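Below is one structure, written out as structure tokens; comments come after it.
Lettering of chains follows the sequences in order, A, B, ..., and the numbering in each one begins at 1. Everything quoted here is computed from the prediction, not taken from an experiment.
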2 protein chains.
Amino acid sequence: MANATIRDVAREAAVSVASVSRVLNGHSNVRPETRRKIEDVAARLGYFPHAGARNLSTSRAHAIGVVLPDLHGEFFSEALRGMDRAASERGLHLLLSNLHDGERAVEMLHTMRGRVDGLVIMAPHIDPDRLLAGLPPSIPSILVNCATSRDDCPTLRVDNFGGAAAMVRHLVSRGRRGIVHVSGPTSNVEARARIDGYEAAMVEAGLTPRVLIGDFMEEAGAAAAAEILRAPDGVDAIFAANDMMAIGALIALRDAGVAIPDQIAVAGFDDIPLARLISPSLTTMRVDIADIGARAIARLADAIAGTPDHRLELSTPELMIRDTTKTSPRQSGEKQGKAR
Amino acid sequence: MANATIRDVAREAAVSVASVSRVLNGHSNVRPETRRKIEDVAARLGYFPHAGARNLSTSRAHAIGVVLPDLHGEFFSEALRGMDRAASERGLHLLLSNLHDGERAVEMLHTMRGRVDGLVIMAPHIDPDRLLAGLPPSIPSILVNCATSRDDCPTLRVDNFGGAAAMVRHLVSRGRRGIVHVSGPTSNVEARARIDGYEAAMVEAGLTPRVLIGDFMEEAGAAAAAEILRAPDGVDAIFAANDMMAIGALIALRDAGVAIPDQIAVAGFDDIPLARLISPSLTTMRVDIADIGARAIARLADAIAGTPDHRLELSTPELMIRDTTKTSPRQSGEKQGKAR
DNA sequence: CTGCTTGATGTAACCGGTTACATCAATCAA
DNA sequence: TTGATTGATGTAACCGGTTACATCAAGCAG
């Protein structure tokens, strides 16, 4: 039942454990016939080295710990996909760990010590400074989309501010003036940055910002659309802080018979697969999450190899112009003819 | 730099490693003042136990290895979500590992020995018997959606045959007769089972099966739709082996001006989130993948705890009737009026 | 034939925990 | 007083690998 150990193999092959270890690790200084004998015995005994023991003696786990809040939503699974790709290229495994509450969070991180060589931390909802303070300094880490004031930890972040501003400028260039932002929860760092970018670009364009606070869920988008329909007030564009809310708004507007984009333009953020498939297709800021995940792993692998790394790296989202913002606004029905 | 060890703590607190270990693991037989002294020293030194070493001596890794082909698509990320949930409930971590080619597959599995307590294997594209043959018998495993002839390994599988047959019966009940199946790659076990279920139900209904072989990708669905449009041949329903292909077909038909579902009905399999959101919304067989993942972990946890488990468990997909099959077919345009 | 180099192999310490067992002092019944 | 019991603590083996260093035989120059 229990597996054979290296000592079993050594005994059976009448050699020392050192020779077996050398054969297993492909060292060259072993006589061919000895090597063959050991290989034969290992095969006969169905021997495979115990990775845990190997980790302990080499103090390399060949694994990266990935700490994230919840796998819900496309965001994290995409990130995971990118990490997984980058990790398996480098012969690394990924050790997943959920981080629900902030209380057990630090403790959880320590659980990882000795089983991973590095840590990717994605926790937009947890105070990262507290997290970092409790972090074992001996284990290289990288923060992904965390707001931290500390600059002594490698960080990878989406340029949410710049992306939101770029979207506003796009809408303005299409002649939109009444641009409402449907935001994420203000406790979320990313949501905050997008609000700030939106407001900055609005002010820059001489327009008055108007923010409806949402929660990144489809329903919040629908609710925002409903509120806008109740008091249109010159609104000719809805810019949601993520695609799901944009889609919620889109469907609500469509159901209410509003012409998109002629009457009201809609824009999102993230470019989830759905954005391209829904009709009318959704203009959005593409965030290449898988790429960010892959880069996190790459940087971590470098850090583990010894390259020091304390940089903040920003990933710039890309504007994807689709049907929901294709045209300039058209005054609806009997309102004043061609006034601005 | 390097972290403190249990011996450092013992020396500093002037006690033995055994006492430190006892305190760490919450054993009761330690004098309160000794306990406090040790806790103080541990905190002062920033000591946290090395999980790898602990694993080695207890031979419990508190981790489940998850072996899957590729994170692509919603399928695996959903499964992962369910597993993650079930695992963190039980204090287990998930160790991910990609399994691309079949060659390095067995080797890969052994890489896991000593770092996981059990294995979830999802590999619809790899010959599972070969996989199992090379599997270390000492490590409990469960196969998810694998075709295997062996019945000595716990297995969890979607009833693809039954699901496909149920979908055909639904279409037939809606008056469809020219039902084409767009399949997945025939090397894939799940695709095969869906083909078989489709064919069986068609024959049962006295209809002639017609299968177009696809590859589970959106484009394959579009291509199948194009082919059908080239030679309609009485086709009034497309049943794709997964939702992505169904959506590909849906969009292609819509772009070609085909009325859905009046002229051609469309159905998929999986019920990805997109299915509900696209318009017209897609009829499909709901597979609760997250639940399957969670059950895999649960059964594995039981097996690790000692409960023997050699059952095959089938998960029955549920028919989700949406817009793409809502109505009965209507003859298009100037064709024969109310024939049939 | 001697001394030195070289390559293959073995010995044992080490990685950092856990834990069976030994030890020892204190308590208590006889 | 003494032997048994109990509870706290220490010692050292063990988990299963890796590897620095020791050992030893063979090859070879002088």
Side-chain angles (χ1 to χ4, degrees), chain A residues 1-39 41-42 45-62 110-117 136 138-139, chain B residues 1-39 41-42 45-62 110-117 136 138-139:
Chain A
M1 178 65 75
N3 258 307
T5 73
I6 196 172
R7 288 175 231 271
D8 296 331
V9 177
R11 183 166 3 88
E12 199 75 8
V15 298
S16 73
V17 291
S19 292
V20 178
S21 179
R22 281 189 271 262
V23 169
L24 257 49
N25 295 307
H27 294 191
S28 55
N29 47 349
V30 183
R31 228 176 42 206
E33 60 198 83
T34 310
R35 170 181 308 275
R36 201 142 28 72
K37 183 171 55 177
I38 292 174
E39 281 166 348
V41 172
L45 261 49
Y47 170 73
F48 279 89
H50 187 286
R54 186 176 275 181
N55 293 167
L56 181 59
S57 55
T58 57
S59 37
R60 291 281 271 102
H62 299 284
H110 286 283
T111 290
M112 293 261 184
R113 163 165 131 77
R115 30 172 51 193
V116 300
D117 301 325
S138 54
I139 165 170
Chain B
M1 181 61 78
N3 260 307
T5 74
I6 195 172
R7 289 175 230 270
D8 296 331
V9 177
R11 185 168 359 92
E12 198 76 9
V15 297
S16 73
V17 292
S19 292
V20 179
S21 180
R22 282 189 272 262
V23 169
L24 257 49
N25 295 310
H27 294 191
S28 56
N29 48 349
V30 182
R31 230 174 43 205
E33 60 198 82
T34 310
R35 170 183 306 277
R36 201 144 25 72
K37 184 170 57 174
I38 291 174
E39 279 166 349
V41 173
L45 263 46
Y47 170 74
F48 279 89
H50 186 285
R54 188 174 273 183
N55 294 168
L56 182 58
S57 54
T58 58
S59 35
R60 289 281 272 102
H62 298 284
H110 286 283
T111 290
M112 294 259 183
R113 162 165 132 78
R115 28 172 51 192
V116 299
D117 301 325
S138 53
I139 164 170

Can you sort out the partners of B/Val41 under side chain to side chain contact (heavy atoms under 4.5 Å, CB included), two or more places apart, ordered by chain and number? B/Val9, B/Glu12, B/Ala13, B/Arg44, B/Leu45

Nearest-Å distance for atom pair [atom1]/[atom2], residues [X] and [N]:
X        : N      : atom1 : atom2 : result
B/Arg115 : D/dG17 : CZ    : C1'   : 13 Å
A/Asp8   : D/dC15 : CG    : C1'   : 13 Å
A/Arg60  : C/dG16 : CZ    : C1'   : 18 Å
A/Arg35  : C/dG7  : CZ    : C1'   : 14 Å
B/Lys37  : D/dG10 : NZ    : C1'   : 13 Å
B/His110 : D/dG16 : NE2   : C1'   : 17 Å
A/Glu33  : C/dT9  : CD    : C1'   : 13 Å
A/Asn3   : D/dG17 : CG    : C1'   : 14 Å

Could you pull out all donor-acceptor pairs under 3.5 Å where a side-chain atom in residues 18-26 of chain A meets a protein atom, sequence neighbours excluded?
from, atom 1, to, atom 2, distance (Å)
A/Ser21, OG, A/Asn25, ND2, 3.4
A/Asn25, ND2, A/Ser21, O, 3.0

At less than 4.0 Å, is any side-chain N or O atom of [X] found next to OP1 or OP2 of [N]? Yes or no.
X        : N      : result
B/Arg113 : D/dG17 : yes
B/Thr5   : C/dG16 : no
A/Arg31  : C/dG7  : no

Contacts of type salt bridge (charged side-chain N to carboxylate O under 4.0 Å, His left out), residue B/Arg60, not counting sequence neighbours: B/Asp117

Drop me the distance from [X]'s [atom1] to [Y]'s [atom2], to the nearest 0.5 angstrom.
X       : Y        : atom1 : atom2 : answer
B/Arg54 : A/Arg113 : CZ    : CZ    : 10.5 Å
B/Arg11 : B/Ile6   : CZ    : CD1   : 12.5 Å
B/Arg36 : B/Glu33  : CZ    : CD    : 7.5 Å

Can you sort out the partners of B/Phe48 under ring-ring contact (aromatic ring centres under 6.0 Å, His included), two or more places apart, ordered by chain and number? A/His110

Please evaluate residues A/Arg115 and B/His62 with respect to the criterion side chain to side chain contact (heavy atoms under 4.5 Å, CB included), reporting the C-alpha separation (whole Å), side-chain torsions for both, the decisive distance (0.1 Å), and the verdict. CA-CA 11 Å; A/Arg115 30 172 51 193; B/His62 298 284; 4.3 Å; yes

Set out, line by line, the N/O atom pairs under 3.5 Å between protein and nucleotides 18-20 of chain D.
from, atom 1, to, atom 2, distance (Å)
D/dT18, OP1, A/Asn25, OD1, 3.3
D/dT18, OP1, A/Asn25, ND2, 3.1
D/dT18, OP1, A/Arg54, NE, 2.8
D/dT18, OP1, A/Arg54, NH2, 3.4
D/dT18, OP2, A/Ser21, OG, 2.6
D/dT18, O4', A/Ser57, OG, 3.1

Using C1' atoms of five pairs at each end, report the bend of the helix from C/dC1-D/dG30 to C/dA30-D/dT1 rounded to 10 degrees. 60°

Measure across A/Leu56 and B/Ala53 and return the closest heavy-atom pair with its distance rounded to 0.1 Å. CD1-CB, 3.8 Å

